[in-house]
Protein chains: 2
Amino acid sequence: MPDIKHFDPEVALDQMVRLFWERGADVTGIAEVVQATGLSRSSLYATFGGKERLQAAALRRYLERCSRPVFDALAADGRGLPAIAGFFEQLVAARCAGERARWGCLVTNTHTSAAREVSEIRQVLDAHHAALRAAMRAALEAARDRGQVRPGLDLEAGAETLALLAYGVNLRSRAGARAADLLAGARAVLDGFTTTEER
Amino acid sequence: MPDIKHFDPEVALDQMVRLFWERGADVTGIAEVVQATGLSRSSLYATFGGKERLQAAALRRYLERCSRPVFDALAADGRGLPAIAGFFEQLVAARCAGERARWGCLVTNTHTSAAREVSEIRQVLDAHHAALRAAMRAALEAARDRGQVRPGLDLEAGAETLALLAYGVNLRSRAGARAADLLAGARAVLDGFTTTEER
DNA sequence: CTTATCTTGGACCGGTCGTTCCAGGATGGA
DNA sequence: TCCATCCTGGAACGACCGGTCCAAGATAAG
């Protein structure tokens, strides 16, 4: 029958994620995508559509491949507050050191992108927030069941707090914040959620 | 002697702040600045320099006119935790309602801009963070002196926490977060900082 | 009024933007 | 092998980008 694609769309998506994440989607031209993926404009447009669709597809893939696994692990981790502390330690380490230091988080970065008005992209932003908040909520519930949490803490509000904190960490890390500051900021929140006995 | 400027540079700056803030500096072209200010390219370049200089000047003006007064008021407010609570209530209200709803914060938005690498701009980002953190620190000290703060709270870390939280609020508000969620998130942090008696 | 100096409007520059298009190559069933 | 179908490379599109330039206008000291 017809010809078949000469490339793997998922591999191409991974390369686009990397590009949009490091450089910023708004300031990345199609020519750069062509160069990074090795594809031609034709293949790009035939497979994904225009630039907004490209950005949306890359964002979805980031959520599924980078965010979701971490969220799922956090939600499934039964240790309670130590799991949340570990989440932030891993986060700060990934944002401030290694190959992706100072890249921030693609979802966080997209919050300020012009494309945030596109409904396809806004939906991913909202889905990300809901998933992050749900994972935090699950970890807080485990903490409450283990008696680690101070009485009177609203778990829903606490989950929102931790999500907002993660956005703050991602944002500041892209501008070169020091890991120690970010870690101390996260620890102060968790200490405030802890029972006096456990603290 | 020579001719004199036919416009007020500060008024023009205010119009640029508004433009960059609402639309995003990266995706705003010089032509839009020309239209918004009513100036010609010549006057723009003669007065401010190229686009990065424009962006830096607008960012500095935002800090001085929008951020600094609020920070100063917070630092001077002796009420302690209620002052911080009031800060977040005002912040959420300004970000989620009124003329500038969903604009976020120009400084927060600039953290993900391509121009964050420009040293002139990075300096403003860092200055903003230092000022915000110092104001939070001052308010926390007042709270400690009034016995509102739980024993063992590291004020420096707590100030960083509150600053990160503010960035999170600004970021999420630009994507349309609900005011109630943001407020609840802020309140949970402050509750965690409060002594059991005051809570 | 003249003159020196600065500002202003707007044409213009090369380059890049996102997008479209088509000729030619590759594919696999008949 | 032939053919219908799809994919690919690359040229080309108009629009816009940030930046430069200069003639004409405005200004105020002499």
Side-chain angles (χ1 to χ4, degrees), chain A residues 1-13 15-59 109-110 112-121, chain B residues 1-13 15-59 109-110 112-121:
Chain A
M1 275 283 201
D3 195 359
I4 209 171
K5 277 196 201 315
H6 300 184
F7 65 98
D8 182 347
E10 299 213 334
V11 171
L13 261 186
Q15 291 163 323
M16 282 188 277
V17 165
R18 183 190 176 89
L19 196 59
F20 289 154
W21 188 0
E22 180 178 9
R23 299 243 309 114
D26 283 338
V27 297
T28 301
I30 300 290
E32 290 175 84
V33 178
V34 166
Q35 192 174 15
T37 58
L39 306 183
S40 68
R41 289 167 122 82
S42 315
S43 308
L44 232 35
Y45 275 84
T47 308
F48 302 104
K51 187 180 179 188
E52 281 177 354
R53 305 291 306 278
L54 273 184
Q55 202 176 336
L59 193 62
N109 300 346
T110 305
T112 61
S113 156
R116 82 197 188 287
E117 304 282 8
V118 179
S119 74
E120 189 181 355
I121 288 178
Chain B
M1 273 283 207
D3 195 358
I4 211 170
K5 277 195 201 315
H6 299 183
F7 66 98
D8 181 346
E10 299 213 333
V11 171
L13 262 185
Q15 291 163 323
M16 282 188 276
V17 165
R18 184 190 176 89
L19 195 59
F20 289 154
W21 188 0
E22 180 177 10
R23 299 242 310 114
D26 282 338
V27 297
T28 301
I30 300 290
E32 288 175 84
V33 178
V34 167
Q35 193 173 16
T37 58
L39 304 185
S40 67
R41 287 169 119 84
S42 314
S43 308
L44 233 33
Y45 276 84
T47 308
F48 301 103
K51 188 179 180 189
E52 282 177 354
R53 304 291 306 278
L54 273 185
Q55 201 176 337
L59 193 62
N109 300 346
T110 305
T112 61
S113 157
R116 94 204 119 90
E117 305 281 9
V118 179
S119 75
E120 191 182 353
I121 288 178

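Letters A, B, ... are given to chains in the order of the sequence lines, protein chains preceding strands, and every chain is numbered from 1.
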Whole angstroms only, please: what is the CZ-P distance between A:F48 and C:dG18? 16 Å

Phosphate-side-chain proximity, B:S43 and C:dT8, N/O vs OP1/OP2 below 4.0 Å: yes

Go through D:dC6, C:dA26, C:dG18 for me and flag the one nearest to the A:P2 side chain. D:dC6

Quick one: are B:L54 and B:I30 in side-chain contact, heavy atoms under 4.5 Å? yes

Considering only side-chain heavy atoms of A:K5, which listed nucleotide, D:dC7, D:dG18, C:dC6, is closest? D:dC7

Once rounded to the nearest 0.5 Å, what's the spacing between atom NZ of A:K5 and atom CG of A:L39? 9.5 Å

Pairwise N/O distances under 3.5 Å, protein to nucleotides 10-12 of chain D:
residue : atom : partner : partner atom : Å
D:dG10  : O6   : A:S42   : OG           : 2.6

So if I take every side-chain heavy atom of A:K51 and compare against C:dG18, C:dC17, D:dT8, which nucleotide ends up nearest? C:dG18

Scanning both residues in full, the closest heavy-atom pair of B:F20 with B:Q55 reads CE1-CA, 3.9 Å

Minimum-distance nucleotide (side-chain atoms of B:E32 versus C:dT19, D:dG18, D:dC17): D:dC17

Of all residues at least two apart in sequence or in a different chain, which pass the side-chain contact (heavy atoms from CB on, under 4.5 Å) check with B:S40? B:S42, B:S43

Mind checking whether A:F7 and A:T37 have side chains closer than 4.5 Å, heavy atoms only? no

Whole-Å distance, B:Y45 OH to C:dG10 P, equals 17 Å

Taking A:T47 for its side chain and A:L44 for its backbone only, find out whether a donor-acceptor pair lies under 3.5 Å. no

Nearest-angstrom distance from the residue atom CD1 of B:I30 to P of C:dG9: 16 Å

Determine the contact category for B:T28: base if any of its heavy atoms lies under 4.0 Å from a base atom, sugar-phosphate if only primed atoms, P, OP1 or OP2 are that close, otherwise nothing. sugar-phosphate

5' precedence on DNA chain D between B:E52 and B:I4 (nearest-nucleotide basis): B:E52

